[in-house]
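First up is the structure itself, then whatever we jot down about it.
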Amino acid sequence: MSTGELACTYASLLLHDDGIAITSEKIATLVKAAGVSVESYWPSLFAKLAEKRSIEDLILNAGSGGAAAPVAVSAPAGGAGGAVAAAAPAVEEKKEELQEESDDGDLGFSLFD
């Protein structure tokens with residue numbers, strides 16, 4: 001992450017924490033007050049992001065890898081949707097089997113034998 005991105009991220013978080021509207025001018029002012037020089041496009045990019053997404057959502061979903069919202073998958077044409085639906089439970093069954101095997105805990109030996 002570049003210094004400009006990091007400075008604008010911190011400025012956006014500061015504004016959000018104080019309940020102040022996040023605008024490119026306010027981000028640029030905070031960054032300048034911190035003595036950091038950034039490219040002119042960074043504050044406006046962060047302001048546009050703050051308009052489209054809630055900062056709280058971004059914070060809460062920081063480690064989710066983009067899978068915060070379920071993705072709807074459309075069924076392919078030709079009636080193959082049934083095959084897709086049938087394949088999904090098979091994957092879940094395999095996960096359950098693996099979990100049962102790992103829950104044993106007894107590997108047949110002990111440290112104190």
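Numbering starts at 1 and runs along the sequence shown.
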Got a list of side-chain donor-acceptor pairs under 3.5 Å for residues 26-50, not counting sequence neighbours?
residue : atom : partner : partner atom : Å
T29     : OG1  : E25     : O            : 2.7
E39     : OE1  : W42     : NE1          : 3.0
S44     : OG   : Y41     : O            : 2.9

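Atom CG of L15 and atom CD1 of I55 lie 9.0 Å apart (nearest 0.5 Å).
Residue pairs meeting the side-chain hydrogen bond (donor to acceptor under 3.5 Å, both in side chains) criterion with at least one partner in residues 10-22, sequence neighbours excluded, do not occur; the list is empty.
By the side-chain hydrogen bond (donor to acceptor under 3.5 Å, both in side chains) test, S2 is found to be paired with E5, residues two or more places apart in sequence or in another chain being considered.
With contacts defined as side-chain heavy-atom distances shorter than 4.5 Å, the pair L13/I59 qualifies.
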